[in-house]
Amino acid sequence: MNATASSADSAPAAANGPDLGALQVVVIGAGNMGGPVARTMLDAGVRPDRLRIANTSPESSRRAAEALGAAAAESRGDALAEADVVVLGVKPYQILDLAAELREQIPADAVVISLAAGITLAQLEEALPEGRAVVRAMPNTPISVGEGAVGLMRGSAVTDEQHRLVHALFSRAGVAVDITEEQVHAFIGAAGSLSAFVFAIIEAMTDEAVRLGLKRDLASTLIQQTVRGAATMLSENGIHPAVAKNGVSSPGGTTVEGLAALERAGMRAGVAAAMSAAAQKSREMTQD
Ligand SMILES: NC(=O)c1ccc[n+]([C@@H]2O[C@H](COP(=O)([O-])OP(=O)(O)OC[C@H]3O[C@@H](n4cnc5c(N)ncnc54)[C@H](OP(=O)(O)O)[C@@H]3O)[C@@H](O)[C@H]2O)c1
């Protein structure tokens, strides 16, 4: 996997990058994932009045648009007629029917970005008229604070210019990388679903800190700061995690005692099981 977006495949919304302020974006399905995707596109430079939300009802569209500081689509058809980019943020079981329903409404030169897990580019391209530019994006929710990861899969009709445009739209997400559809399963284990595993681990650590006698607010602050700091140390100093870990393990000390307990409790096996279960589920969803 291309671990980091190279300067060649990422297109920051810089002066010579695509003009995101002129773009018309329609997000169909701004829910748990479509919302953060809309948020990051606004952060990247899409104008709030040109990013229109179309959910299941006008009330839902207005509610989501208000929460994001974007606009609600008065009419889905009218919004789509002007769209340069259409984000499909509905559930995987809905997306092919939705694409078939919208096939005549999506402009021929618009880029369609699907967020759906398990639905392939080939399936999406088949549901839309021939030659449509389709991109699959696999984001995680930390993109809403600019510290997430997005895996981008490029459809067969996507031009280099459209590819740069999609990278520019995700330029404020954290890390945006090009991946293949085969790599998406590993990507889900290592990023898409991983944020939920980290949330669960942070919750468990916080509960234990409370059991050990700290107030919950203090425990949360200490643990979140330590997790953030540990990740920042690795990325900024470029050191291997084992070296960083050994650096705090004095002979016979508290840390090495805790690390031994962690290993005895099956930390590595548990983490590997969670990541490979998510990847396996993604494979099964794709075969349906
Ligand atoms: N959640 C994640 O962490 C995550 C990560 C990566 C990818 N994804 C992908 O993101 C997609 C959405 O998942 P989610 O968790 O965000 O689901 P969600 O919270 O249920 O959001 C789905 C959205 O789709 C809207 N919707 C449903 N049918 C529609 C229709 N016919 N026309 C217009 N809007 C419609 C819903 O509108 P209402 O609000 O009006 O009901 C809702 O806003 C899925 O395909 C999933 O595979 C999710």
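Index from 1, following the sequence. In each ligand, atom 1 is the first atom listed, and ligand 1 is the first ligand listed. Owing to the predicted nature of the structure, the values given are computational and were not obtained by experimental measurement.
Contacts between P92 and ligand 1 below 4.0 angstrom, taking non-hydrogen atoms only, involve backbone and side chain alike. With a 4.0 Å cut-off on non-hydrogen atoms, M138 touches ligand 1 through its side chain and not its backbone. The part of A30 lying near ligand 1 is the backbone, judged by heavy-atom distances below 4.0 Å. The part of R76 lying near ligand 1 is the side chain, judged by heavy-atom distances below 4.0 Å. For A54, every heavy-atom contact with ligand 1 shorter than 4.0 Å involves the backbone, none the side chain.
Side-chain contact between I28 and R76: present, with at least one pair of heavy atoms (C-beta onward) separated by less than 4.5 Å. Residues V210 and L212 form no side-chain contact, since every pair of their non-hydrogen atoms from C-beta on lies 4.5 Å or further apart. A heavy-atom distance below 4.5 Å is not found between the side chains of L23 and L51. Taking the side chain as every heavy atom from C-beta outward, H163 and V135 never approach each other to under 4.5 Å. Side chains of L88 and L115 form no contact here, defined as non-hydrogen atoms less than 4.5 Å apart.
Of the options Q162, E125, R154, a side chain to side chain contact (heavy atoms under 4.5 Å, CB included) to V134 is made by E125 and by none of the others.
Distances between N or O atoms of P139 and those of ligand 1 include no value under 3.5 Å.
Open room surrounds CD on E66; 12 or fewer heavy atoms of other groups in view lie less than 6.0 Å from it. Atom CD of E74 sits in a sparse spot, with 12 or fewer heavy atoms from other residues, nucleotides or ligands closer than 6.0 Å. Atom CD of E263 has more than 12 heavy atoms from other residues, nucleotides or ligands within 6.0 Å.
Of the protein's non-hydrogen atoms, the one nearest atom 13 (O) of ligand 1 is K91 NZ, 3.9 Å. Nearest protein heavy-atom neighbour of atom 22 (C) of ligand 1: G89 O, 3.6 Å. Among protein heavy atoms, atom 24 (O) of ligand 1 sits closest to G29 CA, 3.3 Å. In this structure, the protein non-hydrogen atom closest to atom 40 (O) of ligand 1 is T56 OG1, 2.4 Å. Among all non-hydrogen protein atoms, the one lying nearest atom 39 (O) of ligand 1 is S60 OG, 3.3 Å. Of all protein heavy atoms, the one lying nearest to atom 11 (C) of ligand 1 is V90 O, 3.3 Å. With respect to atom 9 (C) of ligand 1, the closest heavy atom belonging to the protein is L115 O, 3.0 Å. Scanning the protein for heavy atoms near atom 47 (O) of ligand 1, the closest one is A117 N, 3.0 Å.
The closest approach between any non-hydrogen atom of R63 and ligand 1 is not below 4.0 Å.
Here the CG-NZ distance, from L259 to K245, works out to 6.0 Å after rounding to the nearest 0.5 Å.
For ligand 1, the atoms sitting less than 4.0 Å from at least one non-hydrogen atom of N55 are 33 (C), 34 (N), 37 (O), 39 (O), 40 (O), 43 (O), numbered in the order shown with element in parentheses. With ligand atoms numbered from 1 in the order given, ligand 1 contributes 45 (O), 47 (O) to contacts under 4.0 Å with heavy atoms of A116.
With hydrophobic clusters built from ILVMFWY side chains whose heavy atoms lie under 4.5 angstrom apart, V90 shares a cluster with L96.
Proximity annotation for atom 33 (C) of ligand 1: of L102, I188, I28, I28 comes nearest, heavy atoms only.
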